[in-house]
Trainee: 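Okay, handing you the structure first.
Both backbone and side-chain heavy atoms feed into the values below; hydrogens, waters and symmetry mates do not. Just so you know, residue 1 is the first one in the sequence shown, and it goes up from there. Keep in mind that what you see is a predicted model, and the values were worked out from it rather than measured.
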Amino acid sequence: MKILIVNGPNLNLLGTREPGIYGSSSFEQYLPQLRNRYPDVDIEYYQSNVEGELINKMQEVGFSYDGIVLNAGAYTHTSVALHDCIRSLKTPVIEVHISNVHQREEFRHHSFISPACKGVICGFGLDSYRLAIEAFAHPLS
């Protein structure tokens, strides 16, 4: 099984950016834990602050991988382009957020990408990524 984790804008600052919301661990510190927990899953990681680069990466793997875990960051609330990209892929996408976006500012309550995704996981910190991988690795039915 091959899964791509894609992090969008400002998520390269995890561990230093608003630790009260996003925690004190960087994604690079967390990623080995995921890989150790799922040794039979090839987990690739990609981060970019640029919308077009996120789209290019998802299109690159979106017809051959088993799943994409996408934390689009602020693009979640603005990007029709990401929505269209997700809908064009064969590979299913799970939308992930570290914080519970529904407990935050009103503008974060709407996601342009949710309708195109297989599911949405939010509010469990970095463990949201594990829950998404679990959904791909061990589907309920």
Side-chain angles (χ1 to χ4, degrees), residues 1-105 107-141:
M1 174 168 276
K2 292 185 85 163
I3 294 176
L4 171 66
I5 296 173
V6 177
N7 273 344
N10 301 309
L11 292 166
N12 56 310
L13 299 177
L14 288 175
T16 59
R17 175 189 176 205
E18 299 178 276
I21 295 172
Y22 299 105
S24 57
S25 178
S26 71
F27 197 81
E28 289 75 9
Q29 291 170 317
Y30 179 68
L31 186 56
Q33 294 174 42
L34 283 178
R35 288 180 171 146
N36 288 336
R37 185 171 187 130
Y38 299 97
D40 296 332
V41 179
D42 181 6
I43 300 172
E44 183 181 334
Y45 174 60
Y46 181 78
Q47 189 279 327
S48 178
N49 294 318
V50 180
E51 183 180 33
E53 291 177 4
L54 299 173
I55 291 168
N56 287 342
K57 186 63 175 182
M58 289 194 301
Q59 287 180 355
E60 177 186 314
V61 305
F63 299 92
S64 59
Y65 279 39
D66 299 294
I68 296 173
V69 177
L70 172 62
N71 185 339
Y75 289 137
T76 300
H77 319 291
T78 63
S79 183
V80 174
L82 282 172
H83 170 99
D84 290 349
C85 172
I86 294 164
R87 289 185 58 92
S88 72
L89 304 176
K90 177 183 165 220
T91 300
V93 177
I94 295 178
E95 176 184 346
V96 164
H97 300 283
I98 295 166
S99 68
N100 182 346
V101 293
H102 303 288
Q103 292 179 336
R104 298 187 60 196
E105 305 92 337
F107 70 87
R108 296 186 196 276
H109 296 183
H110 180 265
S111 168
F112 277 90
I113 66 174
S114 290
C117 291
K118 177 178 180 171
V120 179
I121 299 169
C122 71
F124 294 96
L126 291 176
D127 210 31
S128 295
Y129 295 90
R130 180 193 61 79
L131 293 169
I133 292 172
E134 186 69 24
F136 284 128
H138 305 288
L140 293 174
S141 55

Trainee: Measure the CG-OG distance between Asn71 and Ser99 for me, rounded to the nearest 0.5 Å.
Mentor: 8.5 Å

Trainee: What is the distance from atom SG of Cys85 to atom CD1 of Ile68, rounded to the nearest 0.5 Å?
Mentor: 7.0 Å

Trainee: Could you tell me whether the side chain of Leu31 reaches within less than 4.5 Å of the side chain of Ile43, counting heavy atoms only?
Mentor: yes

Trainee: Looking only at non-hydrogen atoms, find the nearest pair between Ile86 and Ala116 and report the distance.
Mentor: CG2-O, 3.2 Å

Trainee: Determine whether Ile5 and Phe27 make a side-chain contact, defined as any pair of heavy atoms from C-beta on separated by less than 4.5 Å.
Mentor: yes

Trainee: If the plane angle is over 60° it's perpendicular, under 30° parallel, otherwise tilted; pick one for His77 and His97.
Mentor: parallel

Trainee: Less than 4.5 Å apart, any side-chain heavy atom of Val93 and any of Val6?
Mentor: no

Trainee: Which atom pair, heavy atoms only, marks the closest approach of Ala72 to Thr76?
Mentor: CB-OG1, 3.5 Å

Trainee: Kindly check if the number of other-residue, nucleotide or ligand heavy atoms within 6.0 Å of CZ (Arg87) is above 12?
Mentor: no

Trainee: Hey, what do you get for CZ (Phe124) to CD1 (Ile98), rounding to the nearest 0.5 Å?
Mentor: 13.5 Å

Trainee: Are Phe136 and Asp66 side-chain neighbours, meaning at least one heavy-atom pair lies under 4.5 Å?
Mentor: no

Trainee: Just do the side chain to side chain contact (heavy atoms under 4.5 Å, CB included) check on Leu89 and Phe63 with the steps written out, would you?
Mentor: CA-CA 6 Å; Leu89 304 176; Phe63 299 92; 4.0 Å; yes

Trainee: Can you tell me how far the CG atom of Leu82 sits from the CG atom of Leu54, to the nearest 0.5 Å?
Mentor: 6.0 Å

Trainee: Once rounded to the nearest 0.5 Å, what's the spacing between atom CZ of Arg130 and atom CD1 of Ile121?
Mentor: 9.0 Å

Trainee: Any side-chain heavy atom of Glu51 sitting closer than 4.5 Å to one from Ser79?
Mentor: yes

Trainee: Over all heavy atoms of both residues, which pair between Val96 and Ser128 is shortest? Give the atoms and the distance, please.
Mentor: CG1-CB, 3.6 Å

Trainee: Can you name the closest pair of heavy atoms from Ala137 and Val41 and give their distance?
Mentor: CB-CG2, 4.4 Å

Trainee: Considering the options Lys90, Met58, Glu60, Glu44, which one meets the side chain to side chain contact (heavy atoms under 4.5 Å, CB included) requirement together with Tyr65?
Mentor: Glu44

Trainee: Identify every side-chain donor-acceptor pair in residues 8-15 under 3.5 Å, counting partners at least two apart or on other chains, and give the distances.
Mentor:
none

Trainee: If you apply the rule side chain to side chain contact (heavy atoms under 4.5 Å, CB included), what do you find for Lys57 with Ser48, and how did you get there?
Mentor: CA-CA 10 Å; Lys57 186 63 175 182; Ser48 178; over 6 Å; no

Trainee: Tell me, do Pro115 and His83 make a side-chain contact under 4.5 Å, heavy atoms counted?
Mentor: yes

Trainee: Please tell me whether Asn7 and Tyr129 have a donor and an acceptor in their side chains that are separated by less than 3.5 angstrom.
Mentor: yes

Trainee: Please report the interatomic distance CE(Met1) to CG(Asp42), rounded to the nearest 0.5 Å.
Mentor: 11.0 Å

Trainee: Could you check if a side-chain atom of Tyr30 sits within less than 4.5 angstrom of a side-chain atom of Asp127, using non-hydrogen atoms only?
Mentor: yes

